[in-house]
Trainee: 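This is the structure I have questions about; it appears just below.
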Amino acid sequence: GQRDPGLLFDGIHILKEKLSLTPERFQAHFVGVRSEMAADFAARYGVSDLVKVFGRESYPDALRRQSAATALLLLGVNDPMGGGVLTGKMFEFFGLRRPIFCVSAPDRDLEDVIRRTDTGQFVTTPAGVAEGLSRWIADHEQTGAVSYAPNVTEMNKYHRRECAGKLSEILDESRRR
């Protein structure tokens, strides 16, 4: 599938072996219509003990859960030819002001936005997943939080008001031609 979480779970498996992870140190929570797929992948990769699946929840309940999360997972597409799509979920995460852990096939557009806004990490390999999560686990164990210092000026460029203004300029310009 386009958002196949195998890359994520392979990385969690590597990390589990490397750090002897337990549910007390790390848990990945999945909410939504496709969350049952996460349970299947967790079992396949031997990390079911580190994964909790909540299934479908109302939008307000899902937002409350996300707001309370240490970090938020953004699964990009796994097909290198399917990149260039900035999902609405990323913009929702910007509004929640939580660190984003993006797991995807290489995608210059998505990676560029995550890096320019300083909103989290962008990883493309199981080793990258393991390394990135390892850093955040260490941060959390030392400080009680994951470091998060977004570039708000860059984030604001993706606000609906800004994007609507840019679209309006493009449409105006195309009418003048």
Side-chain angles (χ1 to χ4, degrees), residues 1-32 34-54 65-66 68-94 96-151 154-155:
Q2 285 218 50
R3 286 200 165 79
D4 169 345
L7 181 70
L8 170 70
F9 288 106
D10 194 6
I12 292 172
H13 174 77
I14 292 168
L15 190 59
K16 180 180 179 179
E17 297 298 312
K18 180 180 171 187
L19 297 181
S20 301
L21 277 187
T22 63
E24 293 75 34
R25 291 184 70 204
F26 174 85
Q27 282 188 3
H29 293 186
F30 290 85
V31 177
R34 296 188 189 136
S35 59
E36 290 302 321
M37 181 174 63
D40 295 339
F41 273 88
R44 188 178 316 158
Y45 285 91
V47 295
S48 294
D49 58 323
L50 303 177
V51 172
K52 287 182 98 171
V53 175
F54 294 93
R65 190 178 298 283
Q66 292 172 4
T70 302
L72 300 169
L73 172 66
L74 181 63
L75 286 176
V77 294
N78 287 8
D79 179 1
M81 300 305 292
V85 176
L86 302 178
T87 71
K89 187 59 73 178
M90 180 179 68
F91 303 109
E92 183 178 295
F93 288 179
F94 281 4
L96 291 167
R97 297 291 204 260
R98 309 298 309 142
I100 300 170
F101 193 78
C102 184
V103 180
S104 177
D107 181 331
R108 284 191 312 244
D109 296 322
L110 187 54
E111 181 177 11
D112 185 51
V113 171
I114 297 289
R115 291 198 194 289
R116 280 190 296 113
T117 58
D118 290 325
T119 49
Q121 297 186 56
F122 181 90
V123 298
T124 60
T125 64
V129 169
E131 182 181 315
L133 289 177
S134 178
R135 279 195 308 269
W136 276 3
I137 290 168
D139 277 357
H140 193 268
E141 289 177 344
Q142 290 174 1
T143 67
V146 170
S147 59
Y148 182 65
N151 182 332
E154 282 296 318
M155 285 174 67

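All values reported here derive from a predicted model rather than from experimental measurement.
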Trainee: Does a side chain donor of either Asp139 or Ser147 reach within less than 3.5 Å of an acceptor in the other side chain?
Mentor: yes

Trainee: Salt bridge check: are Glu92 and Lys89 linked by an N-O gap of less than 4.0 Å?
Mentor: yes

Trainee: For Asp49 versus Pro23, what's the shortest heavy-atom pair and its separation?
Mentor: O-CG, 3.1 Å

Trainee: Are side-chain heavy atoms of Ile114 and Gln121 found at a separation under 4.5 Å?
Mentor: no

Trainee: Minimum heavy-atom separation for Arg98 and Thr70, please, with both atom names.
Mentor: NH2-O, 3.5 Å

Trainee: Roughly how far, to the nearest 0.5 Å, is OG1 of Thr119 from CG of Leu96?
Mentor: 12.0 Å

Trainee: Which atoms form the tightest heavy-atom contact between Phe93 and Ile100, and what is the distance?
Mentor: CB-CD1, 3.7 Å

Trainee: Taking the side chain as everything from C-beta on, heavy atoms only, tell me whether Asp118 gets closer than 4.5 Å to Glu154.
Mentor: no

Trainee: Can you check whether His140 reaches Arg25 side chain to side chain, under 4.5 Å on heavy atoms?
Mentor: no

Trainee: Any chance you could measure Leu73, atom CG, to Cys102, atom SG, to the nearest 0.5 Å?
Mentor: 8.0 Å

Trainee: So do the side chains of Val51 and Phe30 get within less than 4.5 Å of each other, counting heavy atoms only?
Mentor: yes

Trainee: What heavy-atom pair brings Gly11 and Ala130 nearest, and what distance separates the two atoms?
Mentor: O-CB, 3.6 Å

Trainee: To the closest 0.5 Å, what do you measure between CZ (Phe9) and CG (Asp40)?
Mentor: 9.5 Å

Trainee: Looking at OG of Ser104 and CG of Leu74, how far apart are the two atoms once the value is rounded to the nearest 0.5 Å?
Mentor: 8.0 Å

Trainee: What orientation do Phe41 and Tyr45 show, parallel under 30°, tilted 30 to 60°, or perpendicular over 60°?
Mentor: parallel

Trainee: So, using ring pair (Phe, Tyr, Trp, His ring centres under 6.0 Å) as the criterion, who are the partners of Phe54 when residues are at least two apart?
Mentor: His29

Trainee: Report yes if the side chains of Pro106 and Glu111 come closer than 4.5 Å at any heavy-atom pair, otherwise no.
Mentor: no

Trainee: Could you report the tightest heavy-atom contact between Ala105 and Phe122, atom names first, then the distance?
Mentor: O-CZ, 3.7 Å

Trainee: Sub-3.5 Å donor-acceptor pair from the side chain of Ser35 to the main-chain atoms of Gly32, do we have one?
Mentor: yes

Trainee: Could you give the distance from OG1 (Thr124) to CG (Leu7), rounded to the nearest 0.5 Å?
Mentor: 7.5 Å

Trainee: Are Leu19 and Phe26 packed together at the side-chain level, in the sense that at least one heavy-atom pair is separated by less than 4.5 angstrom?
Mentor: no

Trainee: Within a strict 4.5 Å, meaning less than it, do heavy atoms of the Thr117 and Pro150 side chains meet?
Mentor: no

Trainee: Should Val146 and Arg135 be marked as a side-chain contact (heavy atoms from CB on, under 4.5 Å) after you check the CA-CA gap, both sets of side-chain angles, and the distance that decides it?
Mentor: CA-CA 9 Å; Val146 170; Arg135 279 195 308 269; over 6 Å; no

Trainee: Measure the spacing between CD of Gln27 and OG1 of Thr22 and express it to the nearest 0.5 Å.
Mentor: 9.0 Å

Trainee: Restricting to non-hydrogen atoms, name the atom on Phe94 and the atom on Met155 that form the minimum distance, rounded to 0.1 Å.
Mentor: O-CE, 3.4 Å

Trainee: Go through the steps for Asp112 and Arg108 under the test salt bridge (charged side-chain N to carboxylate O under 4.0 Å, His left out), then give the verdict.
Mentor: CA-CA 6 Å; Asp112 185 51; Arg108 284 191 312 244; over 6 Å; no

Trainee: Would you indicate whether the side-chain heavy atoms of Val129 and Ile14 approach each other to under 4.5 Å?
Mentor: no

Trainee: Ignoring hydrogens and angles, tell me if any N or O in the side chain of Lys16 forms a donor-acceptor pair with the backbone of Gly46 under 3.5 Å.
Mentor: yes

